[in-house]
Novice: 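Submitted below is the structure of interest, expressed as structure tokens.
Note that these values count all heavy atoms, side chains included, but never hydrogens, waters or copies made by symmetry. Keep in mind that this is a model prediction, so the values were computed, not measured. Start at 1 and go down the list; that is how both ligands and their atoms are numbered.
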Amino acid sequence: MNIIPLGIWGGYPKANSATSSFLIEEGGFRLLFDCGSGVLSSLQNHIHIQQLDAVIVTHYHHDHIADIGALQYAKLIQNQLADEKKTLPIYAHNREDSFQTLTFKDHTKAVDITQTNQIGPFAIQTIKTNHPVYCLAVRIEANGKSVVLTADTGWEPALIDFSEKADLLISEANLYMQYEGQIPGHMTGRQAGLLAKEADVEQLLLTHLPHFGEAEDLVKEAQRHFSKNVSLAQPGKSYPFV
Ligand SMILES: [Zn+2]
């Protein structure tokens, strides 16, 4: 499995960047995890649109879906240009009307992720997070390796068992410690580190970062609890798990 962060920002992207999103590859299968602002542009640094095999959308906040419409137009254009047309499945929960908008003619197709346990080579599990809207964390396993992506969440004890012994935990860390308990639906770097420790994961990457302060302080917060490898997710870098 190979993972490439496409963006790391919460809310909106900084210049020439993207909101939190990941390209996850295994055996030539390419899965896009969340599709907020700037993601479609960033994705094309790595693959052609038609090489994308599936998309996961964790919830319907703008910073996770803003580029879905642009992706659908890209599929329309590329399917017209291609000899072989490919329908792109977009996996998401169907608890909001927005689920229907993930289907666009025969270019993209909405699929209920809660009824799915396999996407290509990936075994998939989901769990509801602690967020103002219904949002799903996802555990992805392939080739004996496991990755958990928290998506957006405040502190949620159920994520400890869900993330147990994952090779990689990709956790949101949208808040600095001084905001802990004040802003619902997001975690601090400290809480991400505590989750990593309690779940006994091997490595922690922080994403969905705030637009102020020193982001490296989030790493220091996480290191209060988690003594293994922790860093800010780095856009464009490959994180391989052979
Ligand atoms: Zn959100």
Novice: State which residues pass side-chain hydrogen bond (donor to acceptor under 3.5 Å, both in side chains) with His93; sequence neighbours excluded, sorted by chain then number.
Specialist: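 Listed in chain order: nothing, the list is empty.
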
Novice: How would you list, by chain and number, every residue that makes a ring-ring contact (aromatic ring centres under 6.0 Å, His included) with Tyr176, sequence neighbours excluded?
Specialist: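 Only Phe212 meet the ring-ring contact (aromatic ring centres under 6.0 Å, His included) criterion with Tyr176.
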
Novice: Determine whether the side chains of Thr108 and Gln72 contain a donor N or O and an acceptor N or O closer than 3.5 Å.
Specialist: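 Yes, Gln72 and Thr108 have a side-chain donor paired with an acceptor closer than 3.5 Å.
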
Novice: Regarding His61 and Asp152, is there a side-chain donor-to-acceptor distance under 3.5 Å anywhere?
Specialist: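 The answer is no; no qualifying pair exists.
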
Novice: Protein N/O/S atoms under 2.8 Å of the Zn ion (ligand 1)?
Specialist: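 Protein N, O or S atoms closer than 2.8 Å to the Zn ion (ligand 1): His59 NE2, His61 ND1, His131 NE2, Asp152 OD2.
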
Novice: Is the ring centre of Trp9 less than 6.0 Å from the ring centre of His208?
Specialist: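 No, the ring centres sit 6.0 Å or more apart.
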
Novice: Apply the hydrophobic cluster definition, ILVMFWY joined by side-chain contacts under 4.5 Å directly or through others, and give me every member besides Leu32.
Specialist: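 Its cluster partners, ordered by chain and number, are Ile4, Leu6, Leu23, Val39, Leu40, Leu43, Ile47, Ile49, Leu52, Val55, Val57, Tyr60, Ile65, Ile68, Leu71, Leu88, Ile90, Phe99, Leu102.
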
